[in-house]
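Comments concern the structure below.
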Amino acid sequence: MRLTRSDAERRIAEEVHSFLSAGAADARELPEEFDARIAWLREWQRRLHEAGLVNVAWPTEHGGRGATLGEQMVVEQELARAGAPELIGVVGLGVVGPSIVAHGTAEQKRRWLPKILSGEEIWCQGFSEPGAGSDLAALRTVAEDRGDHWVLRGQKTWTSWAQHATWCAVLARTDLEAAAHKGISYLVADMRAPGIDVRPLEQLTGEPEFSEVYFDEVAVPKDQIIGAPNAGWSIAMHSLAHERGPAVAARAVKLRVLLDRLIADARRLERDGRPVLEDAEVRSLLARTHIQLEVLRCQSARTVGTMIAKGRPGLETSIDKLQLTRAEQLLGDTALAVLGPAATYAPGWQNVYLYSRAASIYGGTSQVQKNIIAERILGLPRS
Amino acid sequence: MDLECSDEQAELRQSAIGALDRLAPLSLARSFHAGDGEATALWRRLAELGWLGVGLDSDDPFGVPGLCLLAEQVGRRAAPTTLVDTALVARVAAACDSAQLERIVAGQPPLALAMLEPRSSWTSAPATTVTRAAGGELALSGEKLGVHHAASVGLLAVLAKLDGAPAVALVEPARAGVSIVPTPGIDPACAPCRVALHRVRVSESELLGGPAFAGALAYALDVAAVASTAEGLGAAAAALELAVAYALEREQYGRVIGGFQAVAHLLAEQHALRETAWAAVLYAAAALEERTDDAAAAAAVAKAHGAAAAKVVVEGALQAFGGVGFTREHDLHLVYRRALECAGRFGGPPEHERRVADLLLSREPALAGT
């Protein structure tokens, strides 16, 4: 066990600090307006990559540094602690990219990974469909083999960043005769190709972060497949494990920053002439939120440790996801309860609360995570 | 941050499993429920194995995490020991440079911790007092509650006030003025007793005190709080394993009940809860070992979450069993009770949550590590 950082981890933390102190922007400068914010975020990732600080654990030949995952976590922690915004290329960096690193061809890695890092190309994830949410294997999007290319037909939904993406990782059925999990391929569609229609959806928070994506006879060249035809399911599971594992560790730091901000806001607040922070119930709520965030940090560190040891995320990422949900939703509840009207009648905290309700849905609902734990960790029969 | 056990720690855990499987099967805990429990042979063997000194020296390869790994195995079997109590007293004795340390760590004789009082919490200043008579003679008077195995150990470590400051007096249970009455307890395998002390004579060499005492006690209490959380989570893990095995075998409506999502999700939630709590214990133990700035806060987090989690897990396990879990015939209640006993020992979730709040909401919190 080791709580202190290694020399390499300390050095890379220093690097982040000097990058930030050299005039790097922080999230407080983020434009309010959605499209302006996207442009700002692209520029932010470009500069961060120029400084060599994006996904440092990726192989050097593809633009990373070949650093340890521990060092990558340190970079993400330090950026989050400084209030830096989430990277716009998060799907490429944290979900699809790791699967390209693990399963892509040399040519695919050369073609896609460097631009994922620089933010030049944003990726989205075409997994969920209107009829295939938790039951992802029920997906009906079809890729028909036309010899030198596939033709994609179907509809995806909850596709985050689709309207800004260059590429979409699409799960499509390539063998209609095979059993549900067996006939699926992991294809890569060019979002600029004819036949793709992106219709942004307004989220509960009011922002069009995700979209519906329609594929109407979209041609996909044969070299745009990750892994073998009909072997897409296990690669999709690999992507999702990354979404639940390392991505949770980064999210945990964001929540920490939010709790610190909540306490700072509460410190300035009085109710009935008394500081809100003197209220026993308020103190208890904040303490409980802190406890759940700390537990999340410890749990996530344990999972990342296992992942470093084994080289891949394991089933315990479902536990991380459940704990993330518990902590994030408690933080949202606590913000509303502690700040009261200052949250309900002002922008900011109400969106933190609203966004927290997505935590138990995205990346596999809490119910799906419990199925995974019950069946695959505890060995209970399929329900 | 790396929370993986070292090779030495993993070996310690394995040897603890081997030793306790032989020395402390659940039937030993059960014998205490029947009133004829006898654990001195177990205590002698654990002392010989060096368990009472685990993590005490700074060059020990096991550290506070090692103590927690032992406590977890104790909890899994609801074994009757004073392992964690002794660890607390040993740490105080070591910090106070007491000559008593050697015999405490050797388990000669085994020791019981007399700390809690009828009208106080674990962190209150003791009402029990050592008074100085005119001739310089010292006398100890007061009343203690929840003293595990007081009736069968050879030494009582009594927290008391001496010249206005806290100290520990080490006295034999047989000494004049000591009376010990076994009390009912939620976990009979802990053999809790009420100890009354009426002008018990104490010599200077039997006192642990001095300038280092207060800081040492605060630290040792944090170590004990985390180790007892580990013990409770060991009990919870055992309860959950029993429940999962039962859910795979018990049939209703023509199928095993573990195949019903309502039961499967109940057990999955308990598993997740236990794992997250264990992660917090490992972190707090490592933080205490390295004496990081956030060690006290980490201990409070681990205890507040871990104690509550252990209770929820054993309750969930009982629910999965249905009526069978509500009998004394089944082993479940042995570990169920240990989880509950550990949850409150060294302060329960409310106390530790208050500590977290005080640390969190002070102006310069030292809370979250890196």
Side-chain angles (χ1 to χ4, degrees), chain A residues 1-6 9 13 70 73-74 77-78 81 256 259-260 263 266-267 277 280 282-284 286-288 290-306 308-309 316 318-320 322-323 326 366-367 369-375 377-383, chain B residues 1-6 9 63 65 240 244 247-248 255-256 258-261 263-265 267-269 271-273 275-287 289-290 292 294 297-298 300-302 304-306 309 350 352-361 365 367-370:
Chain A
M1 289 183 200
R2 178 178 54 81
L3 300 188
T4 46
R5 288 176 171 175
S6 70
E9 287 169 354
M73 305 309 315
V74 165
Q77 282 165 3
E78 292 305 317
R81 203 163 288 162
R256 171 83 253 161
L259 178 61
D260 290 343
I263 292 169
R267 207 180 281 291
L277 283 190
V282 165
R283 296 176 73 81
S284 167
L286 291 168
R288 285 177 189 198
H290 170 79
I291 288 167
Q292 292 307 321
L293 284 178
E294 280 294 280
V295 170
L296 173 64
R297 187 170 70 89
C298 299
Q299 170 63 30
S300 174
R302 212 175 148 213
T303 299
V304 171
T306 309
I308 290 170
E316 62 279 355
S318 288
I319 300 174
D320 296 31
L322 286 179
Q323 180 61 24
R326 181 175 176 168
S366 293
Q367 287 67 34
Q369 308 304 338
K370 288 175 199 172
N371 282 347
I372 293 172
I373 294 169
E375 292 165 20
I377 298 180
L378 299 180
L380 296 171
R382 285 186 70 87
S383 47
Chain B
M1 175 156 98
D2 170 16
L3 296 180
E4 297 286 300
C5 286
S6 67
Q9 287 165 339
L240 186 57
V244 169
L248 281 167
R255 54 195 283 212
V256 297
F260 292 106
Q261 212 166 43
V263 176
H265 282 195
L267 295 171
E269 283 163 17
H271 176 75
L273 199 50
E275 288 304 303
T276 60
W278 186 247
V281 161
L282 289 178
Y283 177 78
E289 180 59 31
E290 295 185 19
T292 59
D294 71 330
V301 165
H305 178 69
H352 286 279
E353 201 181 284
R354 263 199 302 281
R355 276 183 77 196
V356 170
D358 292 344
L359 289 163
L360 178 69
L361 303 174
L367 276 168
T370 47

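A note on names: the letters A, B, ... follow the listed sequences, proteins ahead of strands, and every chain is numbered from 1. Predicted model, so just to flag it, every value in this text is computed and none were measured.
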Exercise. With distance as the sole test, does A:Arg267 use its side chain to make a donor-acceptor pair with the main-chain N or O of A:Leu277 at under 3.5 Å?
Worked result: no

For this session: Go through the atoms of A:Gln292 and report whether side chain, backbone, both or neither lie under 4.5 Å from a heavy atom of chain B.
Result: side chain

Exercise. Highest number of heavy-atom pairs under 4.5 Å with chain A: which of B:Ala247, B:Pro65, B:Ala280, B:Ala357?
Worked result: B:Ala357

Exercise. Do the non-hydrogen side-chain atoms of B:Leu248 and A:Pro381 ever get within less than 4.5 Å of each other?
Worked result: yes

Exercise. Residues in side-chain hydrogen bond (donor to acceptor under 3.5 Å, both in side chains) with B:Asp2, at least two apart?
Worked result: none

Seminar exercise, completed: Honestly, the part of A:Leu286 sitting under 4.5 Å from a heavy atom of chain B is both

For this session: Identify which part of B:Leu282 has an atom lying under 4.5 Å from any heavy atom of chain A, answering side chain, backbone, both or neither.
Result: both

Exercise. What residues form a side-chain contact (heavy atoms from CB on, under 4.5 Å) with B:Ala300, not counting sequence neighbours?
Worked result: B:His352, B:Arg355, B:Val356

For this session: Sort out for me which of A:Ser284, A:Gly70, A:Ala13, A:Gly305 touches chain B most, counting heavy-atom pairs under 4.5 Å.
Result: A:Ser284

Exercise. Using 4.0 Å as the upper bound for N to carboxylate O, is an ion pair formed by A:Arg5 and A:Glu78?
Worked result: yes

Problem set entry | Which portion of A:Asn371 sits near chain B, non-hydrogen atoms under 4.5 angstrom | both

Exercise. Strictly by modelled atom types, are A:Arg297 and B:Tyr283 linked by a side-chain donor-acceptor pair under 3.5 Å?
Worked result: yes

Exercise. Are the charged groups of B:Arg354 and B:Asp358 less than 4.0 angstrom apart, N to O?
Worked result: no

Problem set entry | More than 12 heavy atoms of other groups within 6.0 Å of B:Arg255 CZ | yes

Problem set entry | Contact leader toward chain A among B:Ala272, B:Ala277, B:Gly63, where contacts are heavy-atom pairs under 4.5 Å | B:Ala272

Seminar exercise, completed: Under 4.5 Å to a heavy atom of chain A? For B:Ala284 that would be neither

For this session: Flag the pair B:Glu4 and A:Arg302 as a salt bridge only when some basic side-chain nitrogen lies within less than 4.0 angstrom of an acidic carboxylate oxygen.
Result: no

Problem set entry | Interface moiety of A:Ile291 toward chain B, non-hydrogen atoms closer than 4.5 Å | both

Problem set entry | Contact origin within A:Thr306 toward chain B - heavy atom pairs under 4.5 Å | both

Problem set entry | Heavy-atom pairs under 4.5 Å with chain B, option from A:Glu9, A:Lys370, A:Gln299, A:Glu316 with the top count | A:Lys370

Exercise. Between B:Glu290 and chain A, which part of the residue has a heavy atom less than 4.5 Å away: side chain, backbone, both or neither?
Worked result: side chain

For this session: Examine whether an atom of A:Leu293 lies under 4.5 Å from a heavy atom of chain B, and if so say whether it belongs to the side chain, the backbone or both; otherwise answer neither.
Result: neither

Problem set entry | Under 3.5 Å: donor-acceptor pair, side chain of A:Gln369, backbone of A:Ser366 | no

Exercise. Of the backbone (N, CA, C, O) and the side chain (C-beta and beyond), which part of B:Val256 lies under 4.5 Å from a heavy atom of chain A, both, or neither?
Worked result: side chain

Exercise. Is chain A contacted by the side chain of B:Gln9, its backbone, both, or neither, given a heavy-atom distance below 4.5 Å?
Worked result: side chain

